[in-house]
Each structure stands twice: as C-alpha cells, then as structure tokens.
*Asks:* 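First the structure, then my questions, so here it is.
Numbers here are sequence positions counted from 1. It should be emphasised that the depicted structure is a prediction, and the values quoted were computed from it without experimental measurement. Only heavy atoms go into these numbers, but all of them, side chains included; no hydrogens, no water, no symmetry mates.
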Amino acid sequence: MKASVIVALLFLIKGASASSVLNFTPYDKNSKDVFDIMEILMRHRTPERYMPELYFQKYGISLSSRLTSFSYKDCGDPSTETARLLELQVSPDPIRLSGVIQVAFKVVNLQRAVSPIQTDVTLWKKIWGMWIQVPCMGNIGSCGYRDFCELLVKRRCPKVFIENNIPCKCPFPVGNYTLPSTSFHIYAAGVPSGDFRIRVAFDSSTVSCSEIYFSLA
C-alpha cells in the first residue's frame, strides 16, 4: 500500500477529478483570504538551505529549524498501521520542476487493502520560518479524497511498476515491494520554488501515513 504514496504524489501533481474530492482545507475557498494566501504561496522562494544566517536573524527564525535536505517519516500508529515505508530516496535535492526526478523505495504491505480507501492529503509551504497550509483549490493542495482507488481506475500503471510487480490499482495485496532507482519525467510548469511538507494519510492513518519534507528549486 505504501507504494501507492508515490503514485499519489505523481498523481496529485496532475490534479484529481472534482467528483472525488472532499475539500477539508481550514479556509473558506470563496473568501478573499484564500486568494491572498495563494498569492503569497505561489511566489517563488529560495529554499532555506541557501539563505544566509542574516535572514534567520532578521525574521527571528531558529537556524536549526531550516530544512536542509529531503527527508521523510512515518506518521501512522505502529499498532494499527498495515503498511510501512522502509526506504525512500528522491533526487535531485532540491527537486527541479519541470524535470527528471529519480525515485527508489522499499515498502511492505501487511494487509490486503480494498476500496474504499479515504485519503487525506495535507500540503504546507514554509514562509518566513512558518509552515503555511496550502488550501484545496483546483483539486490540488490540502484536499480529502473519498476513495483513493477511484482515483487510480483510469490512470495507466507506470511500466516500471509492472516490471517490478508493484501494484498501482486496488486491491493492494500483501507483499514486499521494491522500486529500483527510476527516472520520472515530471511536467509541472508554474509550480513555485521553496520548501514544502506533505502528509498523505490513508483511512485516517490506520492503513498508512507518510510525511515528506522536500524543496523545489
């Protein structure tokens, strides 16, 4: 099931169908505040790793809190989680979009996962040392999806997944899955640079939950 996190990230870059989205952003999507927030979030920002110490002193930001490299962690409950991410590698770091990224992972799925699988995606961008949640707009951002399986029905499974026996359609069977370092061409013109954090939780984290920190340049 954790292998589907990668599918989810690649999918979300391209957007989802409106019928599958449960908007759970804390903002009123029709308010002026949302458009003001989005105007700030869509500005290109230099990743914190490249900022001088004077920047952190100016805004009262702890230098130790800056995002210095790609990282990930499990955010589920080990006692109930039925899928685990054992390894995840993404390069280059920072990621450059549009462009080619290298992805490799190892996952284990402990229980057969079947439809429906409610999925909550929360996306943040770091602004002046603070993580600001990206609203759900155009079905991209901090959105909830009624059934992750429905999102994959009409999506073509990447050839490399098929070659490595990695499922990308429901149901997800029990098993260990490994993707060797693989190139993906991502076309995402207009995505702003900066530091980001994304959490993907399946069935309120009872199936799996991953949180990924990354920078776009």
Side-chain angles (χ1 to χ4, degrees), residues 1-25 72 74-76 80-90 95 97-98 100-123 134 136-188 191 196-212 214:
M1 180 60 196
K2 281 280 188 175
S4 61
V5 172
I6 305 302
V7 179
L9 295 179
L10 297 175
F11 167 80
L12 290 169
I13 289 174
K14 297 182 178 180
S17 63
S19 62
S20 63
V21 177
L22 292 169
N23 189 313
F24 73 98
T25 178
Y72 66 93
D74 191 286
C75 49
T80 60
E81 203 171 32
T82 59
R84 298 194 181 107
L85 178 62
L86 304 178
E87 183 180 333
L88 174 62
Q89 299 175 1
V90 177
I95 299 168
L97 298 179
S98 296
V100 177
I101 64 173
Q102 294 287 131
V103 178
F105 62 75
K106 293 181 181 179
V107 301
V108 58
N109 190 37
L110 304 173
Q111 181 176 303
R112 187 171 183 264
V114 298
S115 178
I117 303 174
Q118 182 172 329
T119 304
D120 294 331
V121 177
T122 311
L123 178 65
V134 179
C136 180
M137 295 187 71
N139 306 326
I140 297 177
S142 299
C143 303
Y145 302 88
R146 293 185 179 87
D147 186 4
F148 184 67
C149 295
E150 289 183 1
L151 304 181
L152 301 177
V153 169
K154 295 183 180 180
R155 298 284 170 168
R156 187 174 63 179
C157 191
K159 182 179 179 181
V160 66
F161 277 45
I162 297 173
E163 292 172 344
N164 288 277
N165 298 313
I166 300 172
C168 55
K169 304 283 185 182
C170 295
F172 294 99
V174 173
N176 292 278
Y177 303 102
T178 299
L179 178 73
S181 185
T182 302
S183 297
F184 291 92
H185 295 262
I186 304 298
Y187 301 97
V191 176
F196 293 84
R197 167 184 161 206
I198 187 169
R199 177 188 296 146
V200 182
F202 296 96
D203 275 349
S204 301
S205 303
T206 58
V207 172
S208 69
C209 180
S210 292
E211 195 160 289
I212 300 172
F214 62 97

*Asks:* To the closest 0.5 Å, what do you measure between CG (D74) and CG (L86)?
*Replies:* 10.0 Å
*Asks:* Between atom SG of C157 and atom CG of L152, what is the distance when rounded to the nearest 0.5 Å?
*Replies:* 9.0 Å
*Asks:* Would you give the length of the straight line joining atom CD of Q102 to atom CD1 of I95, rounded to the nearest 0.5 angstrom?
*Replies:* 11.5 Å
*Asks:* Sequence neighbours left out, what passes side chain to side chain contact (heavy atoms under 4.5 Å, CB included) with V114? Give chain and number order.
*Replies:* R112, P171
*Asks:* Please determine which of C75, S142, S210 meets the side chain to side chain contact (heavy atoms under 4.5 Å, CB included) test together with R199.
*Replies:* C75
*Asks:* Going by ring-ring contact (aromatic ring centres under 6.0 Å, His included), name the residues that satisfy it together with F214, two or more places apart in sequence or in a different chain.
*Replies:* F196
*Asks:* Are side-chain heavy atoms of F172 and F148 found at a separation under 4.5 Å?
*Replies:* yes
*Asks:* For a side chain to side chain contact (heavy atoms under 4.5 Å, CB included) check, start with the C-alpha distance between I212 and L88, then their side-chain angles and the critical distance, and finish with the verdict.
*Replies:* CA-CA 10 Å; I212 300 172; L88 174 62; 4.0 Å; yes
*Asks:* Taking all atoms of both residues into account, what is the closest heavy-atom pair of P167 and Y177, and its distance?
*Replies:* CD-CE2, 3.4 Å
*Asks:* For residues V103 and L179, report the shortest heavy-atom separation together with the two atoms involved.
*Replies:* O-CD2, 3.8 Å
*Asks:* Hey, what do you get for CG (N109) to OG1 (T82), rounding to the nearest 0.5 Å?
*Replies:* 6.0 Å
*Asks:* Applying side chain to side chain contact (heavy atoms under 4.5 Å, CB included), run through D147 and I117 and close with a yes or a no.
*Replies:* CA-CA 5 Å; D147 186 4; I117 303 174; 4.2 Å; yes
*Asks:* Minimum heavy-atom separation for G76 to C209, with atom names?
*Replies:* N-CB, 3.6 Å
*Asks:* If every non-hydrogen atom of E81 is compared with every non-hydrogen atom of V207, which pair is closest and at what distance?
*Replies:* CG-O, 3.2 Å
*Asks:* Say you draw a straight line from OG1 of T182 to CD1 of I101; how long is it, rounded to the nearest 0.5 Å?
*Replies:* 10.5 Å
*Asks:* Less than 4.5 Å apart, side chain to side chain, heavy atoms only: is that true for P158 and C168?
*Replies:* yes
*Asks:* Answer yes or no: is there a side-chain heavy-atom contact under 4.5 Å between L85 and Y72?
*Replies:* yes
*Asks:* Can you list the steps and then say if C143 with V121 is a side chain to side chain contact (heavy atoms under 4.5 Å, CB included)?
*Replies:* CA-CA 5 Å; C143 303; V121 177; 5.5 Å; no
*Asks:* I want to check something: taking the side chain as every heavy atom from C-beta on, are K106 and N176 in contact at a cut-off of under 4.5 Å?
*Replies:* no
*Asks:* List the atom of K169, the atom of V153, and the distance in Å for their closest heavy-atom pair.
*Replies:* NZ-O, 3.1 Å
*Asks:* Going through the checks in order, is the side chain to side chain contact (heavy atoms under 4.5 Å, CB included) test met by F202 and D120?
*Replies:* CA-CA 7 Å; F202 296 96; D120 294 331; over 6 Å; no
*Asks:* Can you tell me if Y145 uses its side chain to pair, donor with acceptor, with the backbone of L151 under 3.5 Å?
*Replies:* no
*Asks:* Is D203 reaching over with its side chain to a backbone N or O of Q118, donor-acceptor style, under 3.5 angstrom?
*Replies:* yes
*Asks:* With rounding to the nearest 0.5 Å, note down the distance linking CZ in R146 to OG1 in T119.
*Replies:* 12.5 Å
